[in-house]
Amino acid sequence: NALSDCKDACNNSENCNNNFEVGSEGPYDISGLSELINFGNFYNSSTVNYEMRLFSENINAVGAGTYTGTGNMIYLNLHTNGSVAGNYSFNNNGFNPNQNTFDGGYFTNVNMYNYSMGMVFPTAANSGNVEIIDNGSGNFDVTYSFNGTGGVNGCFSGEVTLYQGGGGSGSGSGSG
């Protein structure tokens with residue numbers, strides 16, 4: 001009935017349109033399926049590792065491990081101190097990441113079934129920053145900028161489904 005009620009129901013930040021740009025191209029939508037998968041201490045004992053996958057509207061999960069539809073995705077591999085909320089810099093330590101670092105990448109206009117089958121991989125991040133605010137009840141504000149000047153810049157604000165122990169709709173860390 002009121003704008004404030006609508007904002008509370010959606011938990012969508014006023015300044016975020018749930019999209020990203022790649023250089024001067026875009027915006028690319030990521031207002032659909034969203035997942036946060038807790039992989040625990042996957043890389044080492046000092047980090048708790050999460051994957052955040054943010055898809056465009058026309059992507060669906062069909063059973064465990066399979067996506068359908070052609071669209072966009074932001075993929076963030078977060079190496080945390082146990083909490084998803086925080087500021088992250090790019091992970092330069094490969095398979096021995098420090099706390100509060102990330103790696104990941106993006107897709108634009110890709111058949112996500114091919115991602116599910118491990119036949120395509122996101123364009124990888126090689127630098128950047130991510131900020132995540134946990135608004136409670138599974139709602140997050142995520143802003144990111146990676147791959148330098150002309151790189152990927154965007155935000156997401158909304159509900160994210162949490163999966164424990166590597167479940168979720170996709171399969172495996174990094175390969176989808």
Side-chain angles (χ1 to χ4, degrees), residues 1-38 50-62 66-78 80 83-90 100 102-116 120-163 167-170 173-174 176:
N1 292 332
L3 179 59
S4 62
D5 293 337
C6 182
K7 287 180 186 176
D8 288 342
C10 294
N11 281 329
N12 194 0
S13 179
E14 277 187 55
N15 298 322
C16 182
N17 293 322
N18 288 355
N19 62 38
F20 65 96
E21 294 181 352
V22 181
S24 60
E25 296 179 21
Y28 298 102
D29 169 59
I30 52 165
S31 61
L33 179 68
S34 55
E35 303 174 328
L36 182 64
I37 304 164
N38 181 343
Y50 290 86
E51 284 185 8
M52 182 175 277
R53 300 174 188 167
L54 308 171
F55 293 94
S56 54
E57 277 187 16
N58 48 342
I59 305 303
N60 296 298
V62 180
T66 305
Y67 298 106
T68 61
T70 298
N72 314 311
M73 179 181 80
I74 291 292
Y75 165 78
L76 300 171
N77 190 18
L78 305 167
T80 76
S83 171
V84 174
N87 292 303
Y88 298 85
S89 59
F90 184 73
N100 299 319
F102 85 98
D103 46 74
Y106 70 96
F107 279 128
T108 60
N109 301 313
V110 167
N111 181 335
M112 292 301 164
Y113 178 78
N114 293 335
Y115 171 65
S116 299
V120 295
F121 300 95
T123 300
N126 58 27
S127 64
N129 295 290
V130 173
E131 178 185 23
I132 299 178
I133 298 170
D134 185 345
N135 296 312
S137 300
N139 288 281
F140 293 88
D141 290 335
V142 182
T143 55
Y144 47 89
S145 177
F146 53 85
N147 293 357
T149 305
V152 177
N153 295 290
C155 65
F156 171 85
S157 183
E159 187 174 348
V160 178
T161 302
L162 176 63
Y163 297 95
S169 297
S173 176

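Since we're looking at a predicted model, the values are computed, not measured.
- Here OH of Y50 is found 12.0 Å from CD1 of I37. Values are rounded to the nearest 0.5 Å.
- Between the side chain of S34 and the backbone N or O of E159 there is at least one donor-acceptor pair closer than 3.5 Å.
- Rounding to the nearest 0.5 Å gives a distance of 5.0 Å between CG of L54 and CD1 of I30.
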Derivation of the side chain to side chain contact (heavy atoms under 4.5 Å, CB included) call for M52 and Y144: CA-CA 12 Å; M52 182 175 277; Y144 47 89; over 6 Å; no

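- By the ring pair (Phe, Tyr, Trp, His ring centres under 6.0 Å) test, F102 pairs with F90, sequence neighbours left out.
- A side-chain N or O of S157 and one of D141 form a donor-acceptor pair less than 3.5 Å apart.
- Using cut-offs of 30° and 60° on the angle between ring planes, the pair Y67 and F55 is tilted.
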Steps toward side chain to side chain contact (heavy atoms under 4.5 Å, CB included) verdict (N129, S145): CA-CA 6 Å; N129 295 290; S145 177; 5.6 Å; no

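- Put simply, OG1 on T123 and CG on N147 are 8.5 Å apart, with the number rounded to the nearest 0.5 Å.
- Here the OG atom belonging to S116 is positioned 8.5 Å from the CG atom belonging to N111, to the nearest 0.5 angstrom.
- Interatomic distance, T143 OG1 to N87 CG, rounded to the nearest 0.5 Å: 8.0 Å.
- In this structure a side-chain-to-backbone donor-acceptor pair under 3.5 Å is missing from D103 to A125.
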Side chain to side chain contact (heavy atoms under 4.5 Å, CB included) assessment of Y88 paired with T80: CA-CA 8 Å; Y88 298 85; T80 76; 3.2 Å; yes

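- Residue S56 holds its OG atom at 11.5 Å from CG of N19, rounded to the nearest 0.5 Å.
- Without hydrogens or angle criteria, N77 side chain to E51 main chain gives no donor-acceptor distance under 3.5 Å.
- Ring pair Y106/F20 is perpendicular by interplanar angle, where above 60° counts as perpendicular and below 30° as parallel.
- Using a distance-only test at 3.5 Å, with no hydrogens or angles considered, a donor-acceptor pair links the side chain of N58 to the main chain of T70.
- With sequence neighbours left out, N126 forms a side chain to side chain donor-acceptor pair (under 3.5 Å) with no residue at all.
- Side chain of N72 to backbone of N109: a donor-acceptor contact under 3.5 angstrom is found.
- Two residues are said to be in side-chain contact when any heavy atoms from C-beta on lie closer than 4.5 Å; V84 and L162 fail this criterion.
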Side chain to side chain contact (heavy atoms under 4.5 Å, CB included) between I74 and V142, intermediate numbers included: CA-CA 11 Å; I74 291 292; V142 182; over 6 Å; no

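- Scanning for side chain to side chain donor-acceptor pair (under 3.5 Å) contacts around S31 gives D29, E57, with sequence neighbours left out.
- Taking all atoms of both residues into account, the shortest heavy-atom contact from G105 to P122 is C-CB, 4.0 Å.
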